[in-house]
Each structure stands twice: as structure tokens, then as C-alpha cells.
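Following: one structure in C-alpha cells, then a few remarks.
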Amino acid sequence: MTDPYIPQKQLSRLQKSVTANRVVVLYGPRRVGKTTLIREYHRRHDPEALLVSGEDIAVREYLESQSLAKLRAFVGRRQTLIIDEAQHVREIGLNLKLLADHVDGLRIIATGSSSFDLAQQAGEPLTGRKVTLLLLPLAQLELQGVETAHETRAQLEMRLVYGSYPEVVLMASSEDREIYLRELIGSYLFRDILQLEGVRHADKLLRLVQLLAFQVGREASLSELGSQLGMSRNTVGRYLDLLEKAYVIYGRVGFSRNLRKEIAKSRRYYFYDNGIRNGLINNFNPLSMRDDAGLLWENYVQAERLKFNLYTGRFAQSYFWRTYDRQEIDLVEERGGELRAAEMKWSARSSARPPKGWRDAYPGSSFRVVDPENYLDFISEPP
């Protein structure tokens, strides 16, 4: 991999989304490349744009003013305003609304970590005026542009253990990757959540995600988690919701067409990145020394499929499926009235037949096993 810039799929989406008197809001976890993306957009597509950072106190003086005169003076004759780290600007949503409504032809891009969403600064004021894009750790869909198929397969174990944050992918040594991921977890992962009023138990928040890390792909019982943590069921539910909004984890509900045997109300949780999951439990051992390779495989494929659907515009509803007599399928996608089911298996010799209960209930659906021999067809596009 010789080029330090890995082409990001959201760059073309960003270019298409930028229009006059609209705000494009780019969300995502910290350190996934939001700043890199807007700089690349600026360099390639709009070099005359005004590119500023919300961390700059002089910039904030203008952007927090709620004064149309000061906002107009700040933008000047520029046709595009790009604000990086916009979550640092107080009342950013209201000020962007003033710009979008009153500066004719102005195009606006704003990036923010999850706190931008959690604090709801850009929510209600920009209703009907914004387009939202989500950026996640690098997808195999993006990496295939700078890797050969042979290189990709050679990197599979590294991706399962260390994940796909851009800097992790570009690092040459496992020692550097471990140091980076520990720093990321220690300094950034929970910052947005802990800044919110009412979240006072950092130790319990950490313990909660560690418990989730050990039960990836299994139903999470809020009552059981609360009992282990000494927290109420409602508090656990609130913390899980915040962890989802901070893009640490994401949840899936059970699929059901109201058949009595199907489990529909429970929820499973996955991590957006394997490296974050492994860092939380302090285990970067190679696969030959682990007993959770199957769990790592399922988490990796689920996250890659999520990014593949997101970046290619395949708007599928995603679920798991399980019955009370323990028949189950890892992933069910519902798109365009069709059902597609997939089971993630670390062993390439697994059966390719769905459970009998699924075949009987949904005979028109498709089914496949995703294993290390065929996974690239499931998470990337043909070369």
C-alpha cells in the first residue's frame, strides 16, 4: 500500500450532496477520517471554499454570534463554508440555519463527532435544510482500491484483531497498532458520552462495553447486565442508547413475521470495529492463541456488510433471526420486499443449508454461508 490516502467512498456522496442553501452534516466516530475527507473534497472539488475549524476560538466568535451581519462578514464572497469539528461551536445549528436561510447560494459542510448529534445542536434548527452522511472506519470496499486480492487475504487476520481505523491500517507494526488503539480508547472513545450531564459512572460505562465485547452476537439482557453492574435496567438501556449514538456499538433486533416461535423483542449488539472491541478487553493475541475467532469473524463481517450497504446506497433493514427452540441465523436483510439471510462461519466447511424453521416459514428467501473463502463477494464489489 503505497498511497497514504485511501480513497473514501463517501467523497463522491459528499460531492453530490453539496448544494446551495443546504447543510451537509458529516458524522462519525473520532479518528475515522472526517477531516481527511473534507480536506480531500476541498483540494479536489472546491479549492476556493472557506475551510475552518470549530476548535479555533476566533472562528467560534463569529459562528456563535447569532448575528447575521457578523456571519455574512465571516463568509465574505466565498460560495462554500466548511466547518471541521463543528461540535465545539455553541448553538451551531441555529447559526447554520441563519446562513442557509439568508446567504443566497451558500453551500455548507459541517463535520462533527458523535457529540454533535448527542447534544442535538444540529437537529431541530436544521430540519429540512440538512443532508446527513455517516463515516465509519475504513471499509473493505475502500481498501480494495489500494490492495490486490492477495494482499487483502494476507491482511485478514490483522483486520480481525486490530480493526480498520485508517491510522491502524497504515501502520507497519502490531506494537504501534496496540499503542494507538489503547490511546484511542483511553482518550477519545467515551469523551462525548461523559461530557453529557447525568453520565457520572465512567467505570460502569467501561464495564458495560466490556461485557458486551464478550457476548457479541448474543442476545443482551438489560436486567442481567444491570445485575452485574449494580445499575437499574433503565440506566443500562440509556447507556446502551448513548453508546450507539457515539458509534461504539450498534444493535440488531430479531426478525419476525409474527410467528409465535420467533424471538423478536430481544437485541444483539456488535462493535463497529474489531480493534476497539479487542482493545476494550485488552486482547490482541493472534488467532492461533484465541478461542473467540468465530466471534471476531461474525463481528467483522457484520460491520463490513453494514458499511457496504451504507456506502453503496443499499437501504436494507438488518436483523438476526432466532426461535425459542434455538434455530438461528446471524443476519437477515429485508430490501425491496425480498429476504436475504446469511450465516457467518469461520470454518469454510460449514453447511450451506438454512435451519428447517427458516425454510418452512420463508421459502422464497435466499441463504448463504459467509466464510473466509467467499467473504469478499459479500462485503465488496467485483474488481
Side-chain angles (χ1 to χ4, degrees), residues 1 3-14 17 24-42 53-55 82-88 109-118 122 131-147 155 158-171 176-193 209 242-250 270-280 299-300 302-312 379-380:
M1 197 180 296
D3 187 350
Y5 177 69
I6 299 169
Q8 295 163 290
K9 286 293 181 182
Q10 291 290 51
L11 181 58
S12 60
R13 187 74 62 83
L14 176 60
S17 300
V24 179
V25 182
L26 181 65
Y27 289 132
R30 295 176 183 270
R31 310 297 288 272
V32 296
K34 297 186 295 295
T35 300
T36 299
L37 181 64
I38 59 169
R39 285 177 178 170
E40 197 66 16
Y41 171 84
H42 183 252
S53 172
E55 293 180 308
I82 305 174
I83 310 166
D84 196 19
E85 299 286 353
Q87 75 272 8
H88 295 289
I109 302 170
T111 81
S113 68
S114 48
S115 65
F116 198 27
D117 186 30
L118 290 169
V131 175
T132 301
L133 299 180
L134 175 61
L135 193 68
L136 295 170
L138 285 169
Q140 180 55 45
L141 188 65
E142 296 166 314
L143 292 167
Q144 72 176 21
V146 294
E147 290 179 340
Q155 294 291 333
M158 189 275 286
R159 306 262 155 82
L160 293 180
V161 175
Y162 296 106
S164 302
Y165 270 74
E167 291 177 72
V168 167
V169 169
L170 294 170
M171 286 174 177
D176 288 343
R177 294 181 187 113
E178 290 183 26
I179 292 170
Y180 175 84
L181 286 166
R182 288 193 174 101
E183 170 66 18
L184 180 62
I185 291 168
S187 300
Y188 292 103
L189 195 64
F190 304 128
R191 177 186 292 180
D192 299 318
I193 298 175
V209 288
L242 292 174
L243 287 165
E244 288 196 70
K245 289 178 178 175
Y247 306 111
V248 178
I249 60 173
Y250 60 96
Y270 297 91
F271 287 79
Y272 281 105
D273 186 76
N274 274 36
I276 295 296
R277 183 266 175 187
N278 288 328
L280 285 165
N299 193 82
Y300 171 76
Q302 293 271 15
E304 288 297 324
R305 182 67 176 182
L306 183 155
K307 289 182 278 189
F308 175 76
N309 286 338
L310 176 68
Y311 293 162
T312 58
I379 64 173
S380 58

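- For the ring pair (Phe, Tyr, Trp, His ring centres under 6.0 Å) test, residues two or more places apart in sequence or in another chain that qualify with Tyr162 are Phe284.
- Atom OH of residue Tyr311 and atom NZ of residue Lys9 lie 11.0 Å apart, to the nearest 0.5 angstrom.
- A pairwise comparison of heavy atoms in Val146 and Pro7 identifies CG1-CD, 3.9 Å as the closest pair.
- Interatomic distance, Ile193 CD1 to Leu242 CG, rounded to the nearest 0.5 Å: 5.5 Å.
- With sequence neighbours excluded, no residue satisfies side chain to side chain donor-acceptor pair (under 3.5 Å) with Ser53.
- Considering only residues two or more places apart in sequence or on other chains, Ile185 meets the side-chain contact (heavy atoms from CB on, under 4.5 Å) condition with Leu189, Ile276, Leu280.
- In terms of the side-chain contact (heavy atoms from CB on, under 4.5 Å) criterion, residue partners of Thr312 (sequence neighbours excluded) are, by chain and number, Leu141, Phe308, Arg314, Glu381.
- Between the side chain of Asn274 and the backbone N or O of Leu160, at least one donor-acceptor pair lies under 3.5 Å.
- Closest approach of Thr111 and Gln87 over heavy atoms only: O-OE1, 3.9 Å.
- Under the salt bridge (charged side-chain N to carboxylate O under 4.0 Å, His left out) criterion, Arg177 pairs with no residue at all, not counting sequence neighbours.
- Every residue two or more places apart in sequence or in another chain that forms a side chain to side chain donor-acceptor pair (under 3.5 Å) with Arg182 is listed here: Glu178, Asn282.
- The side-chain contact (heavy atoms from CB on, under 4.5 Å) search around Arg13 returns Gln10, Ser17, Leu133, not counting sequence neighbours.
- Taking Tyr270 as the reference, Tyr250 meet the ring pair (Phe, Tyr, Trp, His ring centres under 6.0 Å) condition, with sequence neighbours excluded.
- Annotation: side chain of Val32 is in contact with side chain of Tyr165 (closest heavy-atom distance under 4.5 Å).
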Q: Any chance you could lay out the side chain to side chain donor-acceptor pair (under 3.5 Å) test for Glu142 and Gln140, step after step, and finish with the verdict?
A: CA-CA 5 Å; Glu142 296 166 314; Gln140 180 55 45; over 6 Å; no
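- No salt bridge links Lys34 with Glu40; every basic N to acidic carboxylate O contact stays at or beyond 4.0 Å.
- Atom CD of residue Gln302 and atom CD1 of residue Ile379 lie 12.0 Å apart, to the nearest 0.5 angstrom.
- A distance of 4.5 Å separates CG of Leu14 from CD1 of Ile109, quoted to the nearest 0.5 Å.
- Here the side chain of Asp273 pairs a donor or acceptor atom with the backbone of Ser164 at under 3.5 angstrom.
- Scored by the side chain to side chain donor-acceptor pair (under 3.5 Å) test, Tyr180 finds Glu167 as partners (sequence neighbours excluded).
- Thr132 places no side-chain N or O within donor-acceptor distance of the main-chain N or O of Val25, the cut-off being under 3.5 Å.
- Contact annotation: the side chain of Tyr247 approaches that of Leu134 to within less than 4.5 Å [non-hydrogen atoms, C-beta and beyond].
- Applying the salt bridge (charged side-chain N to carboxylate O under 4.0 Å, His left out) rule to Glu304 yields the partners Lys307; only residues at least two apart in sequence or on another chain are considered.
- Using a 4.5 Å heavy-atom cutoff, the side chains of Leu136 and Leu310 are in contact.
- With sequence neighbours left out, the side chain to side chain donor-acceptor pair (under 3.5 Å) criterion links Ser380 to Gln144.
- Between Arg305 and Asn309 the shortest side-chain heavy-atom distance falls below 4.5 Å.
- For the side-chain contact (heavy atoms from CB on, under 4.5 Å) test, residues two or more places apart in sequence or in another chain that qualify with Ile249 are Leu212, Leu240, Leu243, Glu244, Tyr269, Phe271.
- From Ser187, atom OG reaches atom CZ of Arg30 across 10.5 Å, with rounding to the nearest 0.5 Å.
- Thr36 has its side chain out of reach of Pro166: every pair of non-hydrogen atoms, C-beta onward, lies at least 4.5 Å apart.
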